[in-house]
Amino acid sequence: FVTDRPDIVIILSDEERAAPPYEDPAVAEGRRTTLAGERWFAEHYELVDPERHDPPGLIAHTTGDHDRPMRAAREHQRALWDAGLAGLSVDQRFGGQGMPPEAESVVDDVSKRYATPSMVPLSVGLSLAMGTLLRFGTDDACAVHVPRILDASDVWCQLFSEPEAGSDLASLRTSALPVDDGYVVSGQKVWTSFAQHSAYGLLLARTGQVEDRHRGLSLFVLPMDAP
């Protein structure tokens, strides 16, 4: 083709003429992620039919098998992991795919068009616990916990509410007192969804004085089988 200067002519080979136009690498990665997600969800699930399927995110009430929502969520998350569609923006050191954050939104938008199981049973682990670990945790803690959240090996719960501290968390009284090798926790937690399935809980406990209210609270990773 002829450039802006008539004295310069660029000759392209047949292969160069047939090549697609340049595409920004980030745009190309997003397009590939969208296509991969579309193929995977289309192979595994039906498109959402409002007449036959519950709204996305809703846990259908069952009269018999109350553990079914948890099983379905874990099976779905494990399948995403096996397909390379879990933890898209998570560092590869911790079991993720190392993609830009936008990749998560792309696959999430695709998944909403299909009749997938509700992920509410795994939401504490996949959002609050994993996000907290990645933001504040050590590399060792992330290496231990994040892959097992992403592949649904470990379920997490939220240990916040108490008999006299529901919506007003600043009034909670469960305490965590430091000792030589950790903390001794004393108190009671209630209304803990999915606790019976959980390997770990995010425990909110008071490490300061009651008068300190929010400033006296700390968040702990608590093994649910701790004595």
Side-chain angles (χ1 to χ4, degrees), residues 57 70 73-74 77-78 80-81 84-108 119-162 165-227:
M70 175 61 75
R74 296 183 80 169
Q77 182 64 28
R78 179 67 199 204
L80 288 173
W81 165 270
L85 293 172
L88 295 177
S89 63
V90 175
D91 194 308
Q92 291 179 330
R93 294 176 299 158
F94 310 134
Q97 303 299 319
M99 296 182 182
E102 293 77 16
E104 302 278 2
S105 298
V106 167
V107 172
D108 186 55
M119 298 306 287
V120 170
L122 301 183
S123 59
V124 172
L126 289 171
S127 57
L128 187 57
M130 188 167 68
T132 301
L133 286 165
L134 292 172
R135 175 66 178 84
F136 299 104
T138 64
D139 284 356
D140 287 345
C142 289
V144 169
H145 293 297
V146 172
R148 294 183 62 83
I149 293 173
L150 288 174
D151 72 3
S153 293
D154 289 341
V155 176
W156 289 58
C157 63
Q158 180 174 285
L159 300 168
F160 287 10
S161 298
E162 299 180 1
S167 58
D168 181 16
L169 285 178
S171 65
L172 67 77
R173 295 182 177 277
T174 293
S175 64
L177 300 178
V179 294
D180 290 341
D181 58 348
Y183 288 82
V184 173
V185 176
S186 301
Q188 182 182 4
K189 295 294 180 178
V190 294
W191 306 313
T192 303
S193 299
F194 308 112
Q196 72 272 29
H197 300 284
S198 296
Y200 294 92
L202 286 178
L203 170 71
L204 199 60
R206 186 163 296 286
T207 49
Q209 299 301 314
V210 174
E211 294 76 16
D212 295 336
R213 292 183 61 76
H214 298 91
R215 293 181 181 276
L217 302 179
S218 299
L219 190 66
F220 295 86
V221 172
L222 178 73
M224 293 297 286
D225 59 357

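Considering only heavy atoms from C-beta on, Q77 comes within 4.5 Å of L126 through its side chain. Between D91 and L134 there is no side-chain heavy-atom pair separated by less than 4.5 Å. V190 is not listed as a side-chain neighbour of F160, based on a closest heavy-atom distance of 4.5 Å or more.
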Could you please spell out the steps behind the side chain to side chain contact (heavy atoms under 4.5 Å, CB included) verdict for L222 and W156? CA-CA 10 Å; L222 178 73; W156 289 58; over 6 Å; no
Apply side chain to side chain contact (heavy atoms under 4.5 Å, CB included) to the pair L217 and L172, showing each step before the final yes or no. CA-CA 9 Å; L217 302 179; L172 67 77; 3.6 Å; yes
Before giving the answer on side chain to side chain contact (heavy atoms under 4.5 Å, CB included), spell out for Y200 and V124 the whole-Å C-alpha distance, their side-chain angles and the decisive distance to 0.1 Å. CA-CA 10 Å; Y200 294 92; V124 172; over 6 Å; no
Could you go step by step and tell me if L202 and L159 meet the side chain to side chain contact (heavy atoms under 4.5 Å, CB included) rule? CA-CA 6 Å; L202 286 178; L159 300 168; over 6 Å; no
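In this structure, CE on M130 lies 15.0 Å from CZ on R148, to the nearest 0.5 angstrom. The structure places OH of Y183 at 6.5 Å from OG1 of T207, a figure rounded to the nearest 0.5 Å. With values rounded to the nearest 0.5 angstrom, M224 atom CE is found 9.0 Å from Q196 atom CD. Taken to the nearest 0.5 Å, the OG1 atom of T138 stands 8.5 Å off from the NE2 atom of H145. In this structure, CZ on R206 lies 12.5 Å from CZ on R215, to the nearest 0.5 angstrom.
Panel note: side chain S198, backbone G201; no donor-acceptor pair is recorded below 3.5 Å. Proximity of a side-chain donor or acceptor of Q158 to a complementary backbone N or O of T192 within less than 3.5 Å is not detected. The closest donor-acceptor contact from the side chain of R74 to the backbone of A152 lies under 3.5 Å. With R213 contributing its side chain and G216 its backbone, the two residues share no donor-acceptor pair below 3.5 Å.
The minimum heavy-atom distance between S175 and A205, with the atom names listed, is C-CB, 4.2 Å. Contact detail for C157 and S193: the closest heavy-atom pair is CB-O, 3.7 Å. Of all the heavy atoms in L204 and K189, the pair that sits closest is O-NZ, 2.8 Å. T174 approaches G187 most closely through the heavy-atom pair OG1-CA, 3.6 Å. Closest non-hydrogen pair, L88 versus A103, comes out as CD1-O, 3.5 Å. Minimum heavy-atom separation, L150 to A86: O-CB, 4.0 Å.
For the side-chain hydrogen bond (donor to acceptor under 3.5 Å, both in side chains) with S89, the qualifying choice from E104, E102, Q97 is E104, the only one to do so.
When only modelled atom types and interatomic distance are considered, S153 and D151 share a side-chain donor-acceptor pair under 3.5 Å.
A search for side chain to side chain contact (heavy atoms under 4.5 Å, CB included) contacts involving A143 returns F94, not counting sequence neighbours. Under the side-chain hydrogen bond (donor to acceptor under 3.5 Å, both in side chains) criterion, D139 pairs with R93, not counting sequence neighbours.
Between R173 and E162, none of the side-chain N atoms (NZ, or NE/NH1/NH2) sits under 4.0 Å from a carboxylate O, so this pair counts as no salt bridge.
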